[in-house]
Number of protein chains: 2
Amino acid sequence: MRITAEAKLETRQRILEAARKLFCDKGFAGTTTRDIATEASIATGTMFNYFPGKEHLALAIIDISLETAYGEFVESGREGESLEEALFAHIAIGLRHLRPHRGYLGDVVETTLSPFNLSTGADESENLRVRHLETVQGLIEKHTSPSTPRPSAVTMHLYWTLYLGVLAFWAKDASPNQEDTLVLLDQALRLFVGSLNANPKTVEISHDP
Amino acid sequence: MRITAEAKLETRQRILEAARKLFCDKGFAGTTTRDIATEASIATGTMFNYFPGKEHLALAIIDISLETAYGEFVESGREGESLEEALFAHIAIGLRHLRPHRGYLGDVVETTLSPFNLSTGADESENLRVRHLETVQGLIEKHTSPSTPRPSAVTMHLYWTLYLGVLAFWAKDASPNQEDTLVLLDQALRLFVGSLNANPKTVEISHDP
DNA sequence: AAATTTATATGAACATGATCATATTTTCCT
DNA sequence: AGGAAAATATGATCATGTTCATATAAATTT
């Protein structure tokens, strides 16, 4: 039982590594699940015993990078800076760790992290989003006065929207070292942080549907 | 030649109508291109002579609705209201026209309108986004003082991001009549409009990459 | 250790979006 | 009108993500 359990993990690792290599090399669309199986020395259908599908595989890779990035963020101590700077660092460090996956990030994010997908239940993409949002919520609470109302679900949706927008921009950013992304990130975060204190004026719901 | 050219258009219409019906009925993923072909009384491959792919077909349907919506917006005279209200009306009227397609809007938007896709060139999705952004830019220019700087590409990206976020929220909004979406829309637009006047502080690009 | 049960790997088969050589129809030329 | 050339329709075929009955191996029981 010991040997086998380890072998399972090893196979899982082998699949992840094969996928990572191929995705980086030939992109997400350019890599077939058969390619991955071959590279990982398993049968065509076996990877589906380890991951629900190709996209989840890619997401798992992204997830690992972001987990590492989070560790680095915590280590850096930059969560102690101003809210805006802490959020900036959180995202920027994430981007740095996502660099190797920039080429195919779009394919993953657009179909898996998109807010349109909100909800096949407790799968891996949920985890990633929820974890990120909990971190952000924690930072907000840490940096605002206790009187400030907890950010609403709508507000957090807004944050996630902005975050995906930044990721999207970054994935396509042709400026050297993706500097332009930092401008966008700065602008987006200033918007967001600014909105936290603004008291929400009531919206009349008699408008258009 | 006359009769045939009309027949072409008629076939195109038949495909669009078949797709619209099936998408509304069984969703985007639940409808196969073969279903559409059958419903439209054409061969399996024929629809690919009229549309580059299944998604473009869905996008064309969305596009028609939004074109109609734009007409109604212009008629309504609400572009004369405050910038925030004009933008609100522009989007809200769009949502009203997209209602029949709410069930499958996500599948289309996420893969076709997502900012990740920025650029297979001048295809239909480009058109939709560009048209929408031009309208918005027009509204901004109309409502701000000539001294206000033209919104940058980054700013417009931010707008598009927020717009997609609203669409995503709306597509899943379970509140009666999707009222919650209007709250989000209001919040998002207040953010955006507010940002137009704020002078962008320079961002030091020495930060993380 | 043999037998049984359970978990896992396998690759053939399936579903479906898309392609493409071929057949059919339309348009153009004389 | 008759035939050549171009445009269009067709459906068999392909590519690929995913499933599933079956085979194989591991764990458990006797």
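Chain naming here is simple, since letters A, B, ... match the order of the sequence lines and numbering starts at 1 in each. All values derive from a computational prediction rather than experimental measurement.
A side-chain donor-acceptor contact under 3.5 Å links A/Tyr159 and A/His132. B/Ser65 and B/His101 form a side-chain donor-acceptor contact under 3.5 Å, judged by distance and modelled atom types alone.
With B/Asp35 as reference, B/Lys26 is the one residue of B/Lys21, B/Lys26, B/Lys54 to meet the salt bridge (Lys or Arg N to Asp or Glu O under 4.0 Å) rule.
Distance, A/Ile15 CD1 to C/dT10 P: 10 Å, rounded to whole Å. At whole-Å resolution of the value, CD in A/Glu6 and C1' in D/dA25 are 18 Å apart. Atom CE of A/Met47 is separated from atom P of D/dT16 by 15 Å (rounded to the nearest Å). What separates CZ of B/Arg34 from P of D/dC14 is a distance of 14 Å, to the nearest Å. The separation between B/Ile42 atom CD1 and C/dT25 atom P is 16 Å, rounded to whole Å. For B/Asp35 and C/dA15, the CG to C1' distance is 12 Å, given to the nearest whole Å. Rounded to whole Å, atom C1' of C/dA7 lies 20 Å from atom CZ of A/Phe48. Across the protein-nucleic acid pair, B/Lys54 atom NZ and C/dT16 atom P stand 9 Å apart, rounded to whole Å.
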Review point. Which is it for B/Arg20 and B/Glu17 under the salt bridge (charged side-chain N to carboxylate O under 4.0 Å, His left out) test, yes or no, and what are the steps along the way?
Key: CA-CA 5 Å; B/Arg20 190 200 55 74; B/Glu17 175 56 23; 2.7 Å; yes
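Looking at heavy-atom distances under 4.0 Å, B/Thr31 makes contact with sugar-phosphate atoms alone, never a base. Heavy atoms of A/Thr11 sit nowhere under 4.0 angstrom from any nucleic acid atom.
Among the nucleotides D/dT18, C/dA18, C/dT10, the one closest to any side-chain atom of A/Thr46 is C/dT10. When distances are taken from the side chain of B/Asn49 to each of C/dA18, D/dG17, D/dT8, the shortest belongs to D/dT8. In this structure, the nucleotide among C/dT16, D/dA9, D/dT18 sitting nearest to the side chain of B/Thr32 is C/dT16. When each of C/dT8, D/dA9, D/dG17 is scored by its nearest atom to the side-chain atoms of B/Tyr50, the top-ranked nucleotide is D/dA9. Distances from the side chain of A/Thr44 to the nucleotides D/dG17, C/dG17, C/dG11 place C/dG11 closest. For A/Thr33, taking side-chain heavy atoms from C-beta onward, the closest of the listed nucleotides D/dT13, D/dG17, D/dG11 is D/dG17.
Using a cutoff of 4.0 Å between basic side-chain nitrogens and carboxylate oxygens, A/Arg78 and A/Glu85 are not scored as salt-bridged.
Here B/Lys8 reaches the OP1 or OP2 of D/dT8: one of its side-chain N or O atoms lies under 4.0 Å away.
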